[in-house]
Amino acid sequence: NAFLYQEYKYLTVYIIVMSIVVFFAVDFIDFSAGVQFYTTIAFVIGAYTSILSGWIGMRIAVYANIRTAFEAQ
C-alpha cells in the first residue's frame, strides 16, 4: 500500500499538470464553446479510472500471491 500511495501522489501531480496542458491545447485545435472543459474532465476521469483499476488489480494480485505462498508452505 505504501508504494501505491507514493506512486499515486506523483500521478496526481502529473494529472493536474497534464490536464492544464490538455485544456490549453484543445483551444488551439477546436474553438467550439465548452470543448476545453469537457475534454479536460474526460481526461481526468479517465486517468483516475485507470488509477482505480490499477489499484484493484494490484490488491487482487497481492491477495492471490499471499494465498499461493501460504499453500506452498
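For the numbers below, each heavy atom of this structure counts, side chains included, while hydrogens, waters and symmetry mates do not.
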### Query
Can you tell me if Thr68 uses its side chain to pair, donor with acceptor, with the backbone of Ala64 under 3.5 Å?
yes
### Query
For Trp55, does its backbone N or O pair with a side-chain atom of Tyr8 as donor and acceptor, under 3.5 Å?
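It does hold such a pair.
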Same cluster or not: [X] versus [Y], using hydrophobic residues (I, L, V, M, F, W, Y) connected whenever any side-chain heavy atoms lie under 4.5 Å apart?
| X | Y | result |
| --- | --- | --- |
| Tyr5 | Tyr14 | no |
| Leu52 | Phe3 | yes |
| Leu11 | Ile56 | yes |

### Query
Does a side-chain heavy-atom distance below 4.5 Å link Thr40 with Ile20?
no
### Message
Between Val13 and Lys9, is there a side-chain heavy-atom distance shorter than 4.5 Å?
### Response
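No. Closest side-chain heavy atoms not under 4.5 Å.
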### Task
Any chance you could measure Leu4, atom CG, to Ile51, atom CD1, to the nearest 0.5 Å?
10.5 Å
### Message
Distance check, rounded to the nearest 0.5 Å: Thr12 atom OG1 versus Tyr48 atom OH?
### Response
3.5 Å
#### Entry: Pairing residues for Phe37 by the side chain to side chain contact (heavy atoms under 4.5 Å, CB included) criterion, not counting sequence neighbours
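Testing Phe37 for side chain to side chain contact (heavy atoms under 4.5 Å, CB included), a comparison that skips the adjacent residues, returns Ile41.
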#### Entry: Sequence-distant partners of Ile66, side chain to side chain contact (heavy atoms under 4.5 Å, CB included), two or more places apart
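Once residues adjacent in sequence are excluded, the partners of Ile66 under the side chain to side chain contact (heavy atoms under 4.5 Å, CB included) criterion are Val62.
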### Query
How far apart are the closest heavy atoms of Ser53 and Ser50, and which atoms are they?
OG-O, 2.9 Å
#### Entry: Nearest heavy-atom neighbours spanning Phe23 and Gln36
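Looks like O-NE2, 3.2 Å.
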